[in-house]
Amino acid sequence: MIKLKINGMPVEVKKGTKILQAAQMLHIDIPHLCYHPDQRVKARCRICSVEVIGKKRLLAACATECWDGMEVFTDTKVVRDTQRGILQLIMADHEENCLTCPRNGNCVLQQLCSRFNVLRPNLTHVSEAIPVKTTNPSLVHDPEKCVKCGRCIRVCKDVQGIEAIGFAGRSTGLKVTTPYGEEFNKTDCVLCGQCTVVCPVGALVEKDDTNRVLEAVFNPHKVVIVQTAPSVRVALGDAFGLPDGSIVTKKMVSALRMIGFDKVFDTNYGADLTITEEAEELIDRLKNNKKMPMTTSCCPAWVNFMEKHYPDEIAHLSSTKSPMSIFSAVAKTQYAKQENIAPENIFSVAIMPCIAKKYEAKRPELGRGGIADTDAVITTRGLIKLIKYIGIDFCNLPESEFDNPMGESTGAGAIFGATGGVMEAALRTAYEWMTGGKPMPTLEYLPVRGFDGIKEAQVEIAGHTLKIAVVHTLKNAAFIMDKIRSGQCEYDFIEVMACPGGCVGGGGQPVTTTFAVTKKRMKALYMIDRNSKLRKSHENPYLKKLYAEFLEKPGSEKAHQLLHTHYHA
Ligand code: HC1
Ligand code: SF4
């Protein structure tokens, strides 16, 4: 252990600990902008500069390892003047329309300026104005708000392996940009939204659809239904001061009713339906020697990635629609018919932890007659905004239940939101169907759980060895796809989720999301599963009814017409 003093207070840390982390152990928050706990340290902004006895220059607390006998000061006059100077320089080049900024209230720069009492210095802007990019369905990029911390560039390169954005220019002309300044959807970007989670300011944010949703809610001619993704219910509470990973399902349902949705349904119902179709598809591919391995396709950033980066391998993607899109397809057909509502009068809203879902909803093949099945997608962050707008005291809300039929789901649907969850859910059903009704020996299939980037396992089913893999982040996905492309891949079935940890760490989750928080949300989803009465998708009673009365059976022609899709090579 290493012994040092910070502001005169002794602290013991492990070798390799940085000053910033040691200070956190003493409950001292050294200001930082470019530092992110899950990223490589770059020490670009230097706002974490501190004084160390014996050193002539200030050192960056995020990048400097502690040493034995070190004496650090975080609050001397020279430290404070330096930090204020850096903030003033940033503000001299920062568009100052905080009141209309989507990050107003949770912007790191705003918090620092308030903490250091830095008002805008009277300096003229030296850098050239760069236009906002808004023409793709998911992302908004406003370079005027950028603080050039590089967090977005690092997540895109190091986690996703994409490199859709980078630095260009020098000095006052330095900017974060796509190649040749192209719109994001014309670049290698897959709209995963990870850059919007790590951006400390309002430079990279999602397209905001909350006003469109409110307009529909106020429209008396529309029946506005809402579905909520599996991982929103374990992330929403963070924004209202509840412990990370709190399960707030029933409060969320109450809040959605208060916002004015006519019916509050569950994407987990759609997830159960995705599983029955996907399990059937897997069995069909295995039996009939069709394209293998089959990969999941419910993650829209992963689908975008396949279309952009591996178009020659597109046939590996399962044709089964994602839970969101399967839900909306059923809502605008069978549900509309059952409730005697004209499909065009249903406004179907999806609350997703994801910004790529906004793009998925706009795919023309996922609607009928030119009308989208999912009319609007708002993120967990968007829902937080709506709850605050309505003025709901979220923590003290009474609890309530989803509406039926599409609010009924199993534990298998819940775990979709964690990396490995779709695989585990699919195995529970496929195993039983391949063995003529024998349940899996262990319902909780641990080899596919956890945060490892690539997990592999072999499952013996009815004399067949099913080789499976579970992958999260697109950097890991590229590794697997390169193996498939070169014919070195033995798997039968692969689950891929673009975001770290799966949707619990999605690009539409609160900006406070880190790997540590994501792991707590994963645990919470497994808890929901453990406490569910039904834990296998094919046991969902409303699904059984849907097949009996409308779709015949999993994989039927009717099911294919409604619940399956195709991709663009
Ligand atoms: Fe996901 Fe999915 S789990 S993609 O990761 O298959 O977004 O939460 O809603 O559709 O169910 C996201 C989450 C989500 C779909 C489901
Ligand atoms: Fe990169 Fe994803 Fe951001 Fe696109 S959305 S720039 S792929 S991190």
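Remember, predicted model here, so these are calculated numbers, not experimental data. Numbering of ligands and ligand atoms starts at 1, following listing order.
- At least one cation-pi condition fails for K251 and F394: the charged atom is not both under 6.0 angstrom from the six-membered ring centre and inside a 45 degree cone around its axis.
- Note on K544 versus E539: no salt bridge recorded, every NZ/NE/NH1/NH2 to OD/OE distance being 4.0 Å or above.
- Contact atoms of ligand 1 toward A271: 11 (O) (distance under 4.0 Å to a heavy atom of the residue).
- Taking 4.0 Å as the cut-off between side-chain N and carboxylate O, K145 and D142 count as a salt-bridged pair.
- Taking the ring axis of Y445 as reference, the NZ or CZ atom of R428 does not stay both within 45° of it and closer than 6.0 Å to the ring centre.
- Contact check for R381 versus I355: side-chain heavy atoms found under the 4.5 Å cut-off.
- Atom CE of M440 sits in a crowded spot, with more than 12 heavy atoms from other residues, nucleotides or ligands closer than 6.0 Å.
- Applying the salt bridge (charged side-chain N to carboxylate O under 4.0 Å, His left out) definition to pairs two or more places apart or across chains, those involving residues 318-332 are K332-D375.
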Side-chain donor-acceptor pairs of residues 147-156 under 3.5 Å, sequence neighbours excluded:
unit_1 : atom_1 : unit_2 : atom_2 : d
R151   : NE     : L33    : O      : 2.9
R151   : NH1    : V198   : O      : 2.8
R151   : NH2    : L33    : O      : 2.8
R151   : NH2    : Y35    : O      : 3.2
R154   : NE     : Q39    : OE1    : 3.1
R154   : NE     : R40    : O      : 3.2
R154   : NH1    : C149   : O      : 3.3
R154   : NH2    : C34    : O      : 2.7
R154   : NH2    : Q39    : OE1    : 3.2

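- Within a 6.0 Å sphere centred on CZ of F515, heavy atoms belonging to other residues, nucleotides or ligands number more than 12.
- Within the sub-2.8 Å shell of atom 4 (Fe) of ligand 2, the protein contributes these N/O/S atoms: C189 SG.
- A salt bridge does not link K308 to D188: none of the charged side-chain nitrogens sits closer than 4.0 Å to a carboxylate oxygen.
- At a cut-off of 2.8 Å, measuring from atom 1 (Fe) of ligand 1, the protein N, O or S atoms that fall short of it are C503 SG, waters left aside.
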